[in-house]
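Lettering of chains follows the sequences in order, A, B, ..., and the numbering in each one begins at 1. Computed from a prediction, not measured in an experiment: that's the story for all the values here.
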2 protein chains.
Amino acid sequence: MMNVRTICLAILSFGEASGYEIRKLSTEGDFSYFVYASFGAIYPALNKLESEGLVTGRLETQAGKPAKKIYAITDAGRAAFREALAQPPARDIFRSEFLLIAMCADLQNPQVIRRAIDTQVAQLETEIEQLGLIAADCDHPGTCWVVNYGLACMRTSLAYLKENRASLEALAMPPAAAAAE
Amino acid sequence: MMNVRTICLAILSFGEASGYEIRKLSTEGDFSYFVYASFGAIYPALNKLESEGLVTGRLETQAGKPAKKIYAITDAGRAAFREALAQPPARDIFRSEFLLIAMCADLQNPQVIRRAIDTQVAQLETEIEQLGLIAADCDHPGTCWVVNYGLACMRTSLAYLKENRASLEALAMPPAAAAAE
DNA sequence: TAGGCCATGTAACCGGTTACATGATTAG
DNA sequence: CTAATCATGTAACCGGTTACATGGCCTA
């Protein structure tokens, strides 16, 4: 049950937040490695959750900024979240455009493959850096555990990529053949 | 562009296949680690692809089995696929219910956490085993590269899980507190 | 003064899943 | 005789993205 509802409950179980903040956390913050959610999904989800009594919303006016609606999880919400997490986890979902490109490396010319690898390396490096920052000042043990798990996986990916990029590049179409297409 | 269309083109670029076979490959075969696609998505996609001239369909009658429509990629299809893969890859998508459970381990009682870890370990082990079989008799270099990449990542995950499961279990709510809820 | 951040929300659209409909063959 | 495998397809539904609407404040 990894839908927007559950994500909202998860984030609110760590503390109060507005819809705007939930979106930030789910795309840039600690939760961005599990989920992506847009405004168009979050706001309706929060309204529904409120109508069901799983969260409560309170309007807070701010000086010089638009008013925000701060949501807090209720006991019923906490129970629902706990129950959702209690059943055995579904299989992890992993989707990688890079791996599809790699698998079909023999259809592309070397520049394309090199660029794809460069992009992937850069992406992994920034993600590792960001995870490192989170790990550095992390006071919540569960979050720490998960972040370190993520770091271990990403470091392996990056190391494999760097060590084996030459053999992948070698699979690409020779420029002559590519030019003849 | 990791939609069903692209997946169909990818699979057909390796050889002819029917809709039924494409679904098998995308859920159980070599491609199942990048994608999941159901009949309801594949059949309409293939029909559209055919109407656009990117694939051709040929009806084949079989003795004792229903007739199947075998699709083959055309030159135009190959070009479209190549072009789709030529642009830099989007960020990998990773969704893990297990990591959400782990992050919130302090909300659950130890049995639940233990069961979640067991499920995750079992899932990783079977996936590693299956990937090992694919790697064992794999004649296509691009596929080999990708499979070995996947194996490296999954082995790291599994090792981390096994080495650190005790510390995760320790985060779970003590049974007394859980009972009081 | 232009663009970015804060902040909430709606509506159109889309890609995909689930369930249904159909039917023959084979294995337990 | 039942269940599974082979095989194709449609229709209802749903969850989510994208784009739009609105508007004030702050920074470059």
Bounds of contact between DNA chain D and chain A, in 5' to 3' order, using a heavy-atom cut-off under 4.0 Å:
D:dG16 to D:dC25

Taking only the side-chain nitrogens and oxygens of A:Gln62, find out if one of them lies under 4.0 Å from OP1 or OP2 of C:dC6.
no

Among B:Val147, B:Val146, B:Thr143, find the residue that satisfies the side chain to side chain contact (heavy atoms under 4.5 Å, CB included) test when tested with B:Cys138.
B:Thr143

For A:Ser26, does its backbone N or O pair with a side-chain atom of A:Ser32 as donor and acceptor, under 3.5 Å?
no

Treat each ILVMFWY residue as a node, draw an edge where side-chain heavy atoms are under 4.5 Å apart, and state whether B:Leu46 and B:Ile70 are in one component.
no

Encode nucleotides 23-28 of chain C as B, S and - characters from 5' to 3', where the letter depends on protein heavy atoms closer than 4.0 Å: B to the base, S only to sugar-phosphate, - to neither.
B-S---

In whole angstroms, how far is the C1' atom of C:dT8 from the NZ atom of A:Lys69?
10 Å

Is any side-chain heavy atom of A:Arg5 less than 4.5 Å from a side-chain heavy atom of A:Glu52?
yes

Would you indicate what A:Lys48 reaches in the nucleic acid, counting non-hydrogen atoms under 4.0 angstrom: base, sugar-phosphate, or nothing?
nothing

Is it true that B:Asp118 and B:Arg165 make a salt bridge, defined as a side-chain N closer than 4.0 Å to a carboxylate O?
yes

Could you label the plane-to-plane angle of the B:His140 and B:Phe14 rings as parallel, tilted or perpendicular, counting under 30° as parallel and over 60° as perpendicular?
perpendicular

Which residues in residues 5-23 of chain A have at least one heavy atom lying under 4.0 Å from any atom of DNA chain C?
A:Ser18, A:Gly19, A:Tyr20

